*Asks:* 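First the structure, then my questions, so here it is.
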Protein chains: 2
Amino acid sequence: MSTDICALCPVREHALCSCLSDEERVVLAGFCQRRRFTAGETVMWAGDESRICANLQSGVLKVVAATTDGREQIVSLVYPADFVGEPYATETAFTVTALSDAELCTFPRLLFERFLEEHARIENLLLQRTFKALNEARARMLTLARLSAGEKVASLLLEMAAQAGRCRCQLGLSEPVTFDLPMTRGHMADVLGMTIETVSRQLTKLKSAEVIVLSGARTVTIVDGNALKGRTMAA
Amino acid sequence: MSTDICALCPVREHALCSCLSDEERVVLAGFCQRRRFTAGETVMWAGDESRICANLQSGVLKVVAATTDGREQIVSLVYPADFVGEPYATETAFTVTALSDAELCTFPRLLFERFLEEHARIENLLLQRTFKALNEARARMLTLARLSAGEKVASLLLEMAAQAGRCRCQLGLSEPVTFDLPMTRGHMADVLGMTIETVSRQLTKLKSAEVIVLSGARTVTIVDGNALKGRTMAA
DNA sequence: CCAGATCCTTGTTTCAGATCAAGGCGGCCT
DNA sequence: AGGCCGCCTTGATCTGAAACAAGGATCTGG
């Protein structure tokens with residue numbers, strides 16, 4: 001009997017594989033490979049052959065679309081327990097890079113696809129998650145195309161606060177919430193389709209309006225969540 | 001023995017159900033309902049209960065995200081043979097509206113979900129298509145956030161030409177291609193995240209540069225496909 | 001064939017955000 | 001400590017696209 005590689009997995013309860021029985025999980029674990037990436041390292045390059053899929057165990061990744069002349073847009077942020085990769089694609093469409101140090105549980109794409117086909121429950125769960133990702137991408141299209149700089153930054157702050165609060169469990173807009181931004185101003189700009197300078201100015205504006213407090217560049221306290229929400233005009 | 005409702009289906013070979021055996025298809029047809037919508041009519045409203053999924057048989061639909069104060073963004077165009085709807089969601093996230101008169105083959109969501117679970121092949125195909133839709137959404141995020149007005153219009157023209165050429169089969173950028181725009185300037189603006197006026201000006205600019213010819217507002221000839229491609233700086 | 005409603009084009013003005021430019025922190029290494 | 005480097009802020013200027021405005025073209029139904 002082999003040791004159970006999943007026993008210590010930090011996202012065991014939340015990743016795709018949480019829907020599997022112990023027996024099924026052992027089969028999947030049979031061809032997984034854990035890999036670590038340091039901040040800034042790239043997990044897969046757009047245009048390369050699509051060889052792996054993975055569950056993120058820790059850290060944060062960015063999925064980036066780029067023009068030929070070098071303009072970039074972060075099209076998705078990948079958090080622990082999220083799935084990343086492109087099953088059924090021969091070629092990787094977007095570059096995936098670690099924003100912080102990260103640990104991934106990777107699977108060879110073809111073996112993973114076969115596993116999906118033989119295990120309906122996990123395939124179904126992946127389908128649901130993919131629909132969810134699609135809805136998120138579409139919601140962000142509205143943000144990118146139609147919100148003002150101020151609205152964009154307010155939205156992202158609320159989103160990051162929600163993400164930070166996922167582990168702890170925070171309620172709401174009424175009480176102040178403090179958390180650390182998981183990314184630089186530059187990355188925020190890349191997510192929101194704007195420049196570093198504009199992001200910085202909008203944060204300063206929120207600070208002046210006493211909606212947030214910045215304690216050092218990376219630590220934010222949302223003082224008035226309702227006011228912040230009010231600066232978000234997206235549905 | 002019942003008559004075969006699918007026999008005359010114009011997208012029989014291309015819709016999701018093309019992967020089914022005749023027997024399976026009959027089961028699915030057993031709970032499908034054909035519905036027609038006239039141009040401008042809404043198929044489903046954001047926020048409503050998610051009750052149906054559908055295959056589009058003819059016409060074009062738009063999927064729209066909107067802010068509370070009325071700004072709108074078209075997040076997807078649905079063409080014949082495409083799937084539309086949100087399985088596994090209790091609530092519809094985006095409004096879907098007919099851009100032209102359209103015919104849909106609709107299924108009650110819960111029955112469709114059960115059918116998916118019992119027919120792995122179609123579920124797998126839906127998964128693949130959803131990944132494809134996700135990639136398209138992400139590619140469009142780059143367009144929305146980082147391309148100039150001119151680049152956006154050039155990209156959309158090429159995309160629409162490709163879509164128009166799907167039925168016929170056109171090769172390339174070298175020879176002139178003529179087709180009818182499937183939407184108004186206003187809809188193009190809603191897709192690209194810009195205003196009607198700017199779309200119009202960019203088309204005029206392409207016309208002046210003799211890259212395209214406009215014969216009436218809706219008929220376009222791409223005279224110099226390579227030049228048009230050159231004005232697209234996206235990957 | 002006319003009246004009204006869309007839809008489209010073009011001109012002018014305005015403005016939000018990009019770009020250019022110049023420091024100011026703060027962490028990290030030697 | 002000191003110096004370097006990456007990140008952040010702030011200011012000044014510029015510019016592309018929005019907003020505003022005014023017709024012209026095309027379609028529709030009576």
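Model, not experiment: these values are computed from the prediction. Here is how names work: the chains are called A, B, and so on, in the same order as the sequence lines, proteins then strands, and each is numbered from 1.
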*Asks:* For A:A217 and A:R146, take the nucleotide of DNA chain D holding the closest heavy atom to each; which residue's nucleotide lies nearer the 5' end?
*Replies:* A:A217

*Asks:* So if I take residues 186-213 of chain B and measure heavy-atom distances to DNA chain D, which residues fall below 4.0 Å?
*Replies:* B:G193, B:M194, B:T195, B:E197, B:T198, B:R201

*Asks:* What integer distance in Å separates B:R185:CZ from C:dC8:C1'?
*Replies:* 7 Å

*Asks:* Do A:E103 and A:S58 have a side chain donor and acceptor closer than 3.5 Å?
*Replies:* yes

*Asks:* So, using side-chain hydrogen bond (donor to acceptor under 3.5 Å, both in side chains) as the criterion, who are the partners of B:T106 when residues are at least two apart?
*Replies:* none

*Asks:* Examine distances only and state if a side-chain atom of B:R231 and a backbone atom of B:E151 form a donor-acceptor pair shorter than 3.5 Å.
*Replies:* no

*Asks:* Would you say that more than 12 heavy atoms from the other residues, nucleotides or ligands in this model lie under 6.0 Å from the CZ of A:R34, or not?
*Replies:* yes

*Asks:* Under 6.0 Å between ring centres, would you say that holds for B:F83 and B:F112?
*Replies:* yes

*Asks:* Which pairs would a plain distance check flag for residues 194-203 of chain B, meaning a side-chain donor or acceptor within less than 3.5 Å of a matching protein atom at least two apart in sequence or in another chain?
*Replies:*
unit_1	atom_1	unit_2	atom_2	d
B:T195	OG1	B:T198	N	3.4
B:T195	OG1	B:T198	OG1	3.0

*Asks:* State which residues pass side-chain contact (heavy atoms from CB on, under 4.5 Å) with A:P80; sequence neighbours excluded, sorted by chain then number.
*Replies:* A:V11, A:L56

*Asks:* Mind grabbing the angle between the end helix axes of the helix from C:dC1-D:dG30 to C:dT30-D:dA1? Five pairs an end, 10° rounding.
*Replies:* 40°

*Asks:* Could you go through B:D190 and B:R185, starting from their C-alpha distance and side-chain angles, then the distance that decides it, and tell me whether this counts as salt bridge (charged side-chain N to carboxylate O under 4.0 Å, His left out)?
*Replies:* CA-CA 9 Å; B:D190 284 349; B:R185 300 288 184 275; over 6 Å; no

*Asks:* Earliest and latest nucleotide of DNA chain D, 5' to 3', sitting under 4.0 Å from a non-hydrogen atom of chain A?
*Replies:* D:dC8 to D:dA12

